[in-house]
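Reckoned from all heavy atoms, side chains included, excluding hydrogens, waters and symmetry mates. Since the model is a prediction, treat every value here as computed from it, not as a measurement.
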Amino acid sequence: DGSQPQEFDPPAYLPVNTADLEGGTQSRGVQPSSHFQVDSVPKLRRCFCCATLVLVSLIQALMLDHLDPTAWKVALKSKRRVAPVGTSTPNLLEPSAGTLVQSLAQSLRGSTAPPQKAGTTMPDPSPFGVLYVMLTYHKNYGTKIAGVLSTWGEDVRNSALDSLVLVGDKASKDPPILPAKGCGNDHNDQLVCKAGVALQLAYQRLGNFSWVFMVDDDFYLNVANAHRALASFDASQAIAVGIVGCGGHLCPQGGFCGGGGFAISRPAMEKIMEKGESAFQTDLMGHIAKEKNGIQSWADISVSCVLRRNEIPLLTMKGLYGWRVDGAGRKGSSLNEGYIKAIHQTDPLPVTFHYITEEQKREIHKEFQAMNQSQGLRKLLSAEFDYDAQVAC
């Protein structure tokens, strides 16, 4: 809900001597002489040594980062630390060696990235950072927030690219939560107010982040799958992605079904804030999406309407479960069969689950961890689950 971004250590990566892979003494800055000829080392021995080095490197690459090709690719291509609040943009570290081994390893594993769609993809997306923004309430700091920080929040903490901002009704140092100043406590107009303040706080910390991803404190989010899903969209464009189709009677063309979360690209954030943060908040609160009863207000639709007024396209991103998943119960587990099948889904990859208890957060986290050693089970179960049939606002 509003924690300040923290500085994290970059992930470990595989040290590879590219000179050994590229061959030749000239690559080391050594000039050949008449006293040394390449053929002086038997060709068979040289081939065996090179093959052994590549094989060992490949095995290490396949074992790296729990067999997660996306995280491995990100770690190799551009390791970045998230800057703490009050500092400049994140530090950029020099790319590491080993790109050749990484690409070979990923080729052997096969890509798990979602299929690209014309008009929404970049030909070769670079590693990007996501700033997750979570709304919460002070009575949830020791329960729901603790559950987040001990599960998927830990994955964000270990990321070299991402960060999490917690925004609540009261400030807190432990857990670190920023207050939504000027907002009260209800699930109507004041929740809209809190969402607006949270977006302003995210904008102030935008740094080099490519996306701002709005979530609630009863969410479970798979960080690696979020990156895979967002990589299908062009973050250089002013766009927002989520479950589209709710609130058509409150906002022209409808807005996001915010229960699954939604992400706003950096250019879109800059566009809605270009007249100033105060002007943004005035616009948001002056056009609250409110039902005819004059009581029920919707924060997700209200933000969607701001995006619509700024001519920012709202695009559909799959893998967001903004509803409780139905399924047969499982003995000794808080997760029913529906959740297990959704977790193992490959198309689309699961990104978020809403209305999740603390026990379920822990179980989902363990299930994802176990999947790294059982890809076969994931493929078996994925064919039995239809995401599109379950989409609901």
Side-chain angles (χ1 to χ4, degrees), residues 1-6 82 129-137 140-141 143-157 159 161-169 175-178 180 187 191-192 194-203 205-206 209-230 240-244 246 255-265 268-269 298-304 307 314 317-325 342 348-358 360-361 364-365 368 393:
D1 279 298
S3 81
Q4 301 177 356
Q6 305 173 36
V82 176
V130 181
L131 179 59
Y132 299 99
V133 180
M134 179 176 290
L135 301 181
T136 189
Y137 174 60
N140 297 337
Y141 293 1
T143 53
K144 294 182 179 181
I145 294 301
V148 167
L149 296 180
S150 65
T151 54
W152 69 270
E154 187 67 22
D155 294 338
V156 177
R157 188 190 309 276
S159 169
L161 297 172
D162 303 338
S163 191
L164 173 64
V165 171
L166 306 171
V167 180
D169 56 316
I177 296 175
L178 298 174
H187 273 71
L191 184 59
V192 177
K194 186 185 292 185
V197 172
L199 285 171
Q200 293 174 59
L201 292 170
Y203 180 67
R205 292 155 177 79
L206 198 53
F209 294 111
S210 297
W211 296 94
V212 171
F213 202 132
M214 296 288 290
V215 296
D216 289 333
D217 56 11
D218 56 350
F219 263 53
Y220 183 90
L221 182 144
N222 185 292
V223 175
N225 285 350
H227 270 261
R228 293 185 180 99
L230 289 172
V241 299
I243 304 172
V244 183
C246 290
F256 285 129
C257 310
F262 56 91
I264 305 174
S265 71
M269 285 291 295
W298 304 104
D300 48 4
I301 304 300
S302 298
V303 173
S304 299
L307 295 168
L314 273 56
M317 183 170 84
K318 294 186 177 183
L320 307 176
Y321 291 83
W323 55 91
R324 291 182 177 88
V325 179
L349 291 168
V351 178
T352 63
F353 292 97
H354 195 201
Y355 304 119
I356 299 299
T357 66
E358 310 329 296
Q360 287 176 321
K361 287 174 187 174
I364 293 174
H365 197 62
F368 275 118
C393 294

Close side-chain approach of Ser304 to Trp298, heavy-atom, < 4.5 Å: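 Side chain of Ser304 against side chain of Trp298, heavy atoms only: no contact under 4.5 Å found.
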Tell me whether Lys318 contacts the main-chain N or O of Ala229 through its side chain, where contact means a donor paired with an acceptor under 3.5 Å.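 Not at all, since once roles are kept as given, no pair shorter than 3.5 Å links the two residues.
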Spacing of CG belonging to Asp216 relative to CD1 belonging to Ile356, to within rounding of 0.5 Å: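 Answer rounded to 0.5 Å: 12.0 Å.
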Decide yes or no for Leu178 and Arg205: does some side-chain heavy atom of the first lie under 4.5 Å from some side-chain heavy atom of the second?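 Result yes, sub-4.5 Å side-chain heavy-atom pair found.
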Does some side-chain heavy atom of Leu221 sit less than 4.5 Å from a side-chain heavy atom of Phe213?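 Answer yes - side chains close enough.
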Would you say the side chain of Ile264 lies within less than 4.5 Å of the side chain of Leu199, judging by non-hydrogen atoms?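 They are in side-chain contact.
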Do Met317 and Leu230 have side-chain heavy atoms sitting under 4.5 Å apart?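 The answer is yes; the side chains approach within 4.5 Å.
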Of the options Val165, Val223, Val148, which is the one that meets Tyr132 in a side chain to side chain contact (heavy atoms under 4.5 Å, CB included)?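 With Tyr132 as partner, side chain to side chain contact (heavy atoms under 4.5 Å, CB included) holds for just one option, Val223.
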Give a yes or no answer on whether the side chain of Asp217 reaches the backbone of Ile145 with a donor-acceptor pair at less than 3.5 Å.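 Such a contact is absent between Asp217 side chain and Ile145 backbone.
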I'd like to know if the side chain of Thr352 and the backbone of Gly260 have a donor-acceptor N/O pair within less than 3.5 Å.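 Here the side-chain-to-backbone pair exists.
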Taking all heavy atoms of Gln360 and all of Tyr355, pick out the closest pair and write down the distance.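 Gln360 and Tyr355 have their closest heavy atoms at OE1-O, 3.8 Å.
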With a 4.5 Å cut-off on side-chain heavy atoms, are Pro175 and Leu149 touching?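 The answer is yes, as the side chains (C-beta and beyond) meet within the 4.5 Å cut-off.
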Between atom OG1 of Thr143 and atom CD of Glu358, what is the distance when rounded to the nearest 0.5 Å?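 Between Thr143 OG1 and Glu358 CD, I get 5.5 Å after rounding to 0.5 Å.
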Could you measure the distance from the CZ atom of Arg157 to the OG atom of Ser150? Nearest 0.5 Å is fine.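 The OG atom of Ser150 is 10.0 Å from CZ of Arg157, to the nearest 0.5 Å.
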Considering all heavy atoms, the nearest Pro348-Gly319 contact: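 For Pro348 and Gly319, the tightest heavy-atom pair comes out as CG-N, 3.6 Å.
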Over all atoms of both residues, closest heavy-atom pair of Ile177 and Gly168: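 Of all heavy-atom pairs spanning Ile177 and Gly168, the closest is CG2-N, 3.4 Å.
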With the side chain counted from C-beta on, respond yes when Val303 and Phe256 share a heavy-atom pair under 4.5 Å apart, and no when they do not.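 Heavy-atom side-chain distance check fails, nothing below 4.5 Å.
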Rounded to the nearest 0.5 Å, how far apart are CG of Asp162 and CZ of Phe209?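 Reported value, rounded in 0.5 Å steps: 7.0 Å.
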Minimum heavy-atom distance between Pro350 and Asn225, given as atom pair plus value: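 That closest heavy-atom pairing would be O-ND2, 2.8 Å.
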Given Tyr321, Trp152, Trp323, the one that forms ring pair (Phe, Tyr, Trp, His ring centres under 6.0 Å) with Phe353: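 When Tyr321, Trp152, Trp323 are each tested with Phe353, the ring pair (Phe, Tyr, Trp, His ring centres under 6.0 Å) holds only for Tyr321.
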Mind telling me whether Phe368 and Tyr220 have parallel, tilted or perpendicular rings, with 30° and 60° as the class edges?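 Rings of Tyr220 and Phe368: parallel, as their planes differ by under 30°.
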For the residue pair Ala198 and Val133, what are the closest heavy atoms and their distance?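 Nearest pair, atom of Ala198 first, then Val133: CB-CG1, 3.7 Å.
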Look up atom CG in Leu131 and atom CG in Leu161, then write down how far apart they are to the nearest 0.5 Å.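 One gets 12.5 Å once the value is rounded to the nearest 0.5 Å.
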What closest approach, in Å, do Phe219 and His354 show between heavy atoms, and which atom pair accounts for it?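 Minimum heavy-atom separation between Phe219 and His354: CE1-CD2, 3.2 Å.
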If you apply the rule side chain to side chain contact (heavy atoms under 4.5 Å, CB included), what do you find for His365 with Asp155, and how did you get there? CA-CA 10 Å; His365 197 62; Asp155 294 338; 3.3 Å; yes
